Amino acid sequence: MQYQTDNNSYDALVIGAGIAGGEAALNLANLGYKVLLIDKDLTIGGKMIMLSKVFPTLDCSACITTPKVSEISRHPNIKILTSTQASNITQKSDGTFMAEITTKPRYVEIEDCTGCQLCEEACPVIVKDQYQYDLVGRKAAYIPFSIASPRAAAIDIENCTLCGACERACPTNCIDFTQTDKKITIKCNTVILATGFQLFDPTLIPRYGFGRFKNVITSMQMERQLAPTRPFNTVLRPSDGKLPDNIAYVLCTGSRDKTLGNPICSQVCCMYSTKQAQLLMGALPMADITLYYLHIRAFGKGFNEFYAQAQSMGVEFVKGKVAKITEKENGNLILRYEDINGNVVKETEHDMVVLSVGILPNVGIQELFSGINLELDEFNYVKQTDVLASPAATSINGVFVAGTASAPMDIPDSILSAGAASAEAANYIRKMSEINVSV
Amino acid sequence: MAADNKRTVLIMKEKRTVPQKVKDELKYFTQVKKKILKALKEKEMTVPELAKAIEMQEGDTLYYLMSLLKYGFVETGEIDDMDEYFYYKLKNNG
Ligand SMILES: Cc1cc2nc3c(=O)[nH]c(=O)nc-3n(C[C@H](O)[C@H](O)[C@H](O)COP(=O)(O)OP(=O)(O)OC[C@H]3O[C@@H](n4cnc5c(N)ncnc54)[C@H](O)[C@@H]3O)c2cc1C
Ligand code: SF4
């Protein structure tokens with residue numbers, strides 16, 4: 001353990017560098033405030049950087065995220081720490097905060113890595129690539145993905161054979177196996193929580209067969225298959241590499257279901273499934289795409305038109321509750337569902353099924369704090385204590401929430417929410433400095 | 001910059017033992033890689049054909065084949081007559 005005792009002082013600590021945290025950090029930095037932006041992952045960008053295109057405009061997600069990410073990375077008022085988490089956040093009597101910041105070793109000096117990938121080439125190991133949601137392998141010495149930020153290698157020590165090939169191959173000597181956890185204590189005036197969401201784990205619905213039937217995949221896996229940095233040469237069935245030509249979507253997987261502990265709507269699955277269906281019609285012009293839904297939530301600006309556009313392209317929308325999925329010997333899947341309009345139980349065959357998994361709150365956010373209580377709402381998201389007048393306020397004065405850490409929402413709403421959080425945080429910082437000057 | 005040029009892995013080796021599972025998986029992948037490259041040297045193949053040739057489950061064959069494609073050993077060829085499966089071949093004839 002390397003302890004640093006330097007007196008790190010920031011105006012704001014932003015926890016989570018997805019689109020919400022990145023936007024909030026950028027707003028504060030543009031106002032002249034000094035921001036520490038941390039993320040537990042190897043890269044910033046959150047889930048958005050992994051998406052293919054975005055509804056309802058079908059803009060390329062990477063093309064929108066990359067300039068934003070590079071603006072955040074280059075901003076002189078923002079310090080970014082990846083592989084980093086905060087703990088023991090305490091509030092002093094003057095309203096400011098102290099936090100312990102721990103950075104896990106990456107075993108690569110980020111500043112010296114040119115991203116040449118020679119280490120990756122030299123590494124003999126193959127393990128499942130978490131950034132491709134396990135569809136393909138990656139090396140133990142690897143750059144997370146081509147548009148990762150920082151675009152620097154990392155060593156997956158758990159799967160490393162310690163052969164030293166990466167270190168020998170690296171032309172800049174930036175690989176350093178002597179790295180250990182780095183801990184610093186910082187002081188800050190405000191904290192923004194932008195810790196985002198986690199995806200519903202579909203193995204919790206065993207009757208859908210995810211994890212047993214290879215051609216039942218999640219929407220995030222399909223998102224990757226449709227992205228320019230995709231795992232396969234095109235959209236393929238994971239069971240045998242066949243081009244699928246009859247794909248089903250099961251909406252509301254893990255959402256709006258009290259028995260699974262998530263009674264609320266995830267807000268984005270109807271629209272991202274409609275988006276993927278349109279993209280699939282472009283990628284696989286001969287394919288039939290059917291969406292099994294309970295209700296279509298097309299509530300945002302341009303969403304209903306987007307839904308109508310999918311229908312006019314030939315995407316089939318079936319109001320039906322899927323009860324069970326079974327697998328045939330050829331890998332095809334039989335969906336047994338209740339046809340809600342016809343009030344009958346039906347069975348249909350598809351060669352691939354995508355589960356439109358819901359959004360869940362991230363766990364463990366309360367434990368970041370010590371001696372102060374961060375309240376959660378009834379669905380375990382960070383509680384907004386004054387939704388109408390001060391939407392980013394939490395139960396701790398000076399701690400604000402941005403993006404999906406407060407509720408399921410899409411990208412535009414995450415950005416708006418980050419705007420509110422940064423405005424309220426800036427106001428708090430101003431008040432802090434006035435009080436501290438007058439004392 | 002690394003503490004001791006090109007040798008820091010030796011320091012890690014003193015501290016850490018590589019789990020047997022990691023060693024076994026490397027051995028397995030090395031064998032699979034050899035088999036796939038050997039089979040594709042003979043002729044271009046679809047995933048089911050390749051799976052048959054190397055006696056491996058089709059889904060696992062796809063996973064390893066796509067990993068080799070990602071790291072530049074293999075490339076995509078034409079699609080079959082039924083428009084169902086792509087052929088894969090060695091990149092630059094291996
Ligand atoms: C399959 C799919 C497709 C989608 N498609 C669209 C679309 O087309 N259009 C659209 O508008 N929306 C879409 N969405 C929704 C979109 O992904 C979210 O609105 C957006 O990503 C939310 O951003 P965020 O910053 O709140 O959260 P996240 O993207 O989850 O970012 C949170 C960040 O916080 C980090 N973090 C978490 N906990 C900690 C911690 N304790 N310490 C440090 N860091 C931490 C995480 O590593 C992550 O980087 C889609 C969602 C899914 C699942
Ligand atoms: S670690 Fe070295 S070899 Fe690997 S990408 Fe960075 S500079 Fe290249």
Side-chain angles (χ1 to χ4, degrees), chain A residues 105 107-109 111-112 117 120-121 123-129 132 134-140 155-170 172-180 214-215 230-234 236-245 284 286 331 351, chain B residues 1-30 32-33 45-52 57-77 79-80 82-88:
Chain A
Y107 304 108
V108 170
E109 283 298 335
E111 290 71 26
D112 297 333
Q117 291 181 285
E120 210 167 348
E121 211 175 279
C123 177
V125 174
I126 281 284
V127 288
K128 283 186 175 161
D129 185 348
Q132 298 288 11
D134 294 351
L135 290 171
V136 72
R138 63 151 170 82
K139 300 294 185 82
I155 309 294
D156 167 3
I157 204 72
E158 301 301 322
N159 288 296
C160 176
T161 59
L162 302 182
C163 68
C166 53
E167 207 173 8
R168 288 192 296 275
C170 177
T172 67
N173 295 326
C174 67
I175 296 184
D176 183 0
F177 282 97
T178 67
Q179 286 184 355
T180 54
K214 279 213 151 84
N215 295 328
R230 56 187 166 231
F232 307 150
N233 51 311
T234 182
L236 297 176
R237 289 207 321 179
S239 76
D240 60 358
K242 179 178 167 284
L243 277 171
D245 59 16
L284 309 166
M286 304 309 288
D351 58 4
Chain B
M1 196 158 289
D4 181 6
N5 188 11
K6 300 188 193 280
R7 301 184 70 83
T8 64
V9 72
L10 300 177
I11 299 167
M12 180 59 92
K13 267 186 173 167
E14 282 166 22
K15 284 200 305 193
R16 190 182 159 83
T17 326
V18 177
Q20 192 55 42
K21 189 171 159 271
V22 171
K23 290 185 198 165
D24 292 346
E25 276 167 10
L26 172 61
K27 202 170 157 192
Y28 181 69
F29 170 64
T30 313
V32 171
K33 181 178 162 188
M45 285 186 209
T46 63
V47 171
E49 287 169 355
L50 180 62
K52 213 169 178 186
Q57 212 241 346
E58 291 175 357
D60 293 342
T61 306
L62 177 74
Y63 170 80
Y64 287 112
L65 180 69
M66 288 301 136
S67 304
L68 293 173
L69 188 116
K70 175 174 170 182
Y71 290 107
F73 292 93
V74 171
E75 63 186 339
T76 312
I79 195 159
D80 68 4
M82 303 291 287
D83 280 350
E84 283 189 329
Y85 295 97
F86 279 96
Y87 283 96
Y88 298 93

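Residue numbers start from 1 in every chain, and the chains themselves are labelled A, B, ... in the order their sequence lines are given, proteins ahead of strands. These figures come from a predicted structure and were not determined experimentally. Hydrogens, waters and symmetry mates play no part in the numbers below; they use all other heavy atoms, side chains included.
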Do you know which of A:A140, A:P244, A:P238 has the most heavy-atom pairs under 4.5 Å to chain B?
A:P238
Of all heavy-atom pairs linking B:S67 and A:G137, the shortest is OG-N, 2.9 Å
Non-hydrogen atoms of chain A under 4.5 Å away: do they reach the side chain of B:Y28, the backbone, both or neither?
neither
Rounded to the nearest 0.5 Å, what separates atom CD in A:E120 from atom NZ in B:K70?
7.0 Å
So which of A:T178, A:D176, A:L162 actually passes side chain to side chain contact (heavy atoms under 4.5 Å, CB included) with B:M12?
A:L162
By salt bridge (Lys or Arg N to Asp or Glu O under 4.0 Å) - contacts of A:E158 (at least two apart):
B:R16
B:Y85 side-chain N/O to A:D240 backbone N/O, donor-acceptor pair under 3.5 Å
no
Which atoms of A:P231 are under 4.5 Å from chain B, going by heavy atoms: the side chain, the backbone, both sets, or neither?
backbone
Roughly how far, to the nearest 0.5 Å, is CZ of A:F232 from CG of B:L65?
10.0 Å
Here the pair of heavy atoms bringing A:F177 nearest to B:T8 is N-OG1, 3.0 Å
For the candidates A:N159, A:N215, A:D134, which exhibits the highest count of non-hydrogen atom pairs separated by less than 4.5 Å from chain B?
A:N159
Roughly how far, to the nearest 0.5 Å, is CD of B:E25 from CD1 of A:I126?
11.5 Å
Proximity breakdown for B:D80 and chain A, heavy-atom pairs closer than 4.5 Å:
neither
Against chain B, label A:D245 side chain, backbone, both or neither, depending on which of its atoms sit under 4.5 Å from a heavy atom there.
neither
Given the options B:G59, B:P48, B:P19, which has more heavy-atom pairs under 4.5 Å with chain A than any of the others?
B:G59
So which heavy atom on B:L62 is nearest to which on A:L236, and how close?
CD1-CD1, 4.1 Å
Heavy-atom pair with the smallest gap, counting every atom of A:T234 and B:F86:
CG2-CE1, 3.5 Å
Against chain B, label A:S239 side chain, backbone, both or neither, depending on which of its atoms sit under 4.5 Å from a heavy atom there.
backbone
Option that, when pairs with chain B are counted at under 4.5 Å, heavy atom only, ranks first among A:V125, A:I155, A:V136:
A:V136
Beyond-backbone contact of A:T180 with B:K15, side-chain heavy atoms, under 4.5 angstrom:
yes
Looking at chain A, which one of B:V47, B:L50, B:T61 has the largest number of heavy-atom pairs inside 4.5 Å, strictly under?
B:V47
From the list A:R237, A:K139, A:K128, A:E121, the residue making the most non-hydrogen contacts under 4.5 Å with chain B is A:K139
Do A:P124 and B:L26 touch side chain to side chain, with heavy atoms closer than 4.5 Å?
yes
Side chain to side chain contact (heavy atoms under 4.5 Å, CB included) partners for B:Q57, two or more places apart:
A:K214, B:D60
